[in-house]
Amino acid sequence: MSAPGAESIARARHAAGLIDCAMPRHVAVIMDGNGRWARQRTLRRVMGHRRGVEAVRATVTSAAAVGIEYVTLYAFSTENWKRPQHEITVLMELLERFLHDELPTLLDNGIRLRAIGQVERLPASVRKSLQDTIAATAHGSGMELSLALSYGGRDELVAAMRSIAQSVANGSLAPEAISAADIQGGLYAPHLPDVDLVIRSAGEQRLSNFLPWQSIYAEFVTLEQLWPDIREEHIHQALHAFAKRQRRFGAVEDA
Ligand code: IPE
Ligand code: IPE
Ligand code: MG
């Protein structure tokens, strides 16, 4: 397993024009526009999902190459269960195939995989592939790739509140002692740092229930391309846009 070393990261950043640029630690991606991509070609929606897999690969490998530490991909929301059953079935099949087919790429790049969301709602075969791929990549020393699957930000916060309520009920936590760290501790992946950059494709400008706690100070970059058309250059474009932002976190610049 070989995560890109400092030299390789410097070369990739140089080639992308990202030398001496402020880089995000955690990039969250809302992959949108598969259905529209298919409709534009008078294809069925699921064809857009199939073609979207290449964009996932391009995003993951280009982020790893320039040394991004954490990437979280919004693959399936809690609201996406409202879609037609056939579409859900194809999305689950694609996910399973992705986990199998992309394992060599994940290993080659030293990428650690994890999942966030209501994983228990996924079909058993997908859960099995997920477990296998997570275990196989566990020692990767490079980027951490989180797949948000049956993920909803409200659900995540509800689960965190429940675990806090348990601690209060059993007397181990006083209500007045509840802190932001306790809420963070109840999230699906408490160690994930705040999101620095949210990228959404297909020109949309909303979060759609994605990482609300983690994204309070995230920079938002919208790409006009539909998800299946996203390639390395678009990820670089979003990183360039991020580097130009001035992040103040509520403070003043010259304090
Ligand atoms: C994103 O593409 C994929 C998922 C949400 C799973 P969409 O399927 O939402 O595509 P549009 O928004 O209908 O074009
Ligand atoms: C958000 O896209 C969910 C994922 C990318 C998995 P949607 O296409 O489901 O979101 P809305 O309904 O347009 O907000
Ligand atoms: Mg959509």
Side-chain angles (χ1 to χ4, degrees), residues 26-60 63 70-99 101-102 113-123 125-127 129-130 145-159 187-189 192 195 197-215 218-231 234-235 238:
H26 185 178
V27 177
V29 186
I30 305 176
M31 311 185 281
D32 201 13
N34 292 352
R36 276 162 278 182
W37 185 95
R39 193 168 356 107
Q40 283 178 358
R41 291 160 179 79
T42 61
L43 297 168
R44 287 175 307 137
R45 292 179 53 81
V46 294
M47 288 308 292
H49 298 318
R50 287 187 202 288
R51 290 297 291 266
V53 175
E54 216 171 309
V56 176
R57 189 180 306 123
T59 300
V60 169
Y70 300 91
V71 168
T72 302
L73 298 179
Y74 206 4
F76 195 86
S77 72
T78 47
E79 289 74 27
N80 289 151
W81 291 111
K82 292 187 278 195
R83 294 191 178 199
Q85 187 52 51
H86 171 68
E87 181 171 344
I88 294 174
T89 303
V90 170
L91 281 167
M92 294 299 151
E93 282 169 6
L94 283 172
L95 174 59
E96 203 177 327
R97 193 170 324 145
F98 173 84
L99 292 167
D101 293 352
E102 299 306 315
L113 186 78
R114 70 163 54 248
I116 56 170
Q118 308 164 326
V119 175
E120 66 286 352
R121 287 183 75 181
L122 302 174
S125 59
V126 172
R127 284 204 310 268
S129 303
L130 204 50
L145 174 64
S146 302
L147 294 182
L149 297 168
S150 191
Y151 175 88
R154 285 207 170 163
D155 272 284
E156 181 172 40
L157 291 174
V158 166
L187 301 178
Y188 292 121
L192 283 183
V195 173
L197 169 63
V198 175
I199 302 174
R200 184 164 185 154
S201 59
E204 304 287 0
Q205 305 189 7
R206 61 179 168 278
L207 277 177
S208 301
N209 203 9
F210 193 37
L211 303 172
W213 175 268
Q214 300 87 336
S215 294
E219 297 295 329
F220 203 100
V221 171
T222 295
L223 296 171
E224 292 308 316
Q225 291 77 15
L226 302 174
W227 182 255
D229 293 326
I230 295 293
R231 292 295 177 270
H234 305 113
I235 301 305

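Note that ligands are numbered from 1 as they come in the structure, with each ligand's atoms numbered from 1 the same way. These numbers come from a predicted model, not from an experiment.
At a cut-off of 2.8 Å, Glu204 is not counted among the residues with an N, O or S atom near the Mg ion (ligand 3).
For atom 5 (C) of ligand 1, the closest heavy atom belonging to the protein is Arg83 NH2, 3.5 Å. For atom 14 (O) of ligand 2, the closest non-hydrogen atom on the protein side is Ser208 OG, 2.6 Å. Given atom 1 (C) of ligand 1, the protein heavy atom at minimum distance is Met31 O, 2.9 Å.
For ligand 1, the atoms sitting less than 4.0 Å from at least one non-hydrogen atom of Arg36 are 11 (P), 12 (O), 14 (O), numbered in the order shown with element in parentheses. Heavy-atom proximity to Gly35, at under 4.0 Å, picks out these atoms of ligand 1: 7 (P), 8 (O), 10 (O), 11 (P), 13 (O), 14 (O). Residue Asn80 approaches ligand 1 through these ligand atoms, each under 4.0 Å from one of its heavy atoms: 5 (C). Close approach to Arg206 involves these atoms of ligand 2, each under 4.0 Å from a residue heavy atom: 11 (P), 13 (O), 14 (O).
With hydrogens and angles disregarded, no donor-acceptor distance shorter than 3.5 Å links the side chain of Arg83 to the backbone of Ile88. Remark: side-chain polar atoms of Asn209 are paired, donor with acceptor, to backbone N or O of Gly153 under 3.5 angstrom. A donor-acceptor contact shorter than 3.5 Å is absent between the side chain of Tyr188 and the backbone of Tyr151. Of the possible polar contacts, one joining the Trp227 side chain to the Gly52 backbone as a donor-acceptor pair under 3.5 Å is found. No donor-acceptor pair closer than 3.5 Å links the side chain of Arg127 to the backbone N or O of Val119. Panel note: side chain Arg41, backbone Trp37; a donor-acceptor pair is recorded below 3.5 Å. At least one donor-acceptor pair closer than 3.5 Å links the side chain of Ser201 to the backbone N or O of Asp32. At distances below 3.5 Å, not a single donor-acceptor pair connects side-chain atoms of Glu96 with backbone N or O atoms of Ser129.
At a heavy-atom cutoff of 4.0 Å, ligand 2 is contacted by the backbone of Phe76 but not by its side chain. In Arg45, the part holding a heavy atom less than 4.0 Å from any atom of ligand 1 is the side chain. Neither the backbone nor the side chain of Leu226 has any atom closer than 4.0 Å to an atom of ligand 1 (non-hydrogen atoms only).
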Exercise for review: Evaluate the side-chain contact (heavy atoms from CB on, under 4.5 Å) criterion for residues Arg200 and Phe210: first the C-alpha distance (whole Å), next the side-chain angles of each, then the deciding distance (0.1 Å), finally the verdict.
Suggested key: CA-CA 11 Å; Arg200 184 164 185 154; Phe210 193 37; over 6 Å; no

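Within the 4.0 Å heavy-atom cutoff, Arg200 counts among the residues contacting ligand 2. Residue contact check for ligand 1: Ala75 places a non-hydrogen atom closer than 4.0 Å to it. Heavy atoms of His49 approach ligand 1 to within less than 4.0 angstrom. Proximity of Ala202 to ligand 1 is not established, as no heavy-atom distance is less than 4.0 Å.
Of all the N, O or S atoms in Asp32, the one closest to the Mg ion (ligand 3) is OD1.
The residues Arg44 and Glu87 are annotated as not salt-bridged, no charged nitrogen and carboxylate oxygen being separated by less than 4.0 angstrom.
At a distance under 4.0 Å, no protein heavy atom can be found next to atom 12 (O) of ligand 2.
In terms of N/O distances under 3.5 Å, ligand 2 is not approached by Ser77. Checked against a 3.5 angstrom limit, the closest N/O atoms of Asn34 and ligand 1 fall inside it.
Ring geometry for His26 against Tyr70 counts as tilted: the plane angle lies between 30° and 60°, on a 0 to 90° scale.
For the residue pair Thr89 / Glu93, no side-chain donor-acceptor distance below 3.5 Å is found, with atom types taken as modelled.
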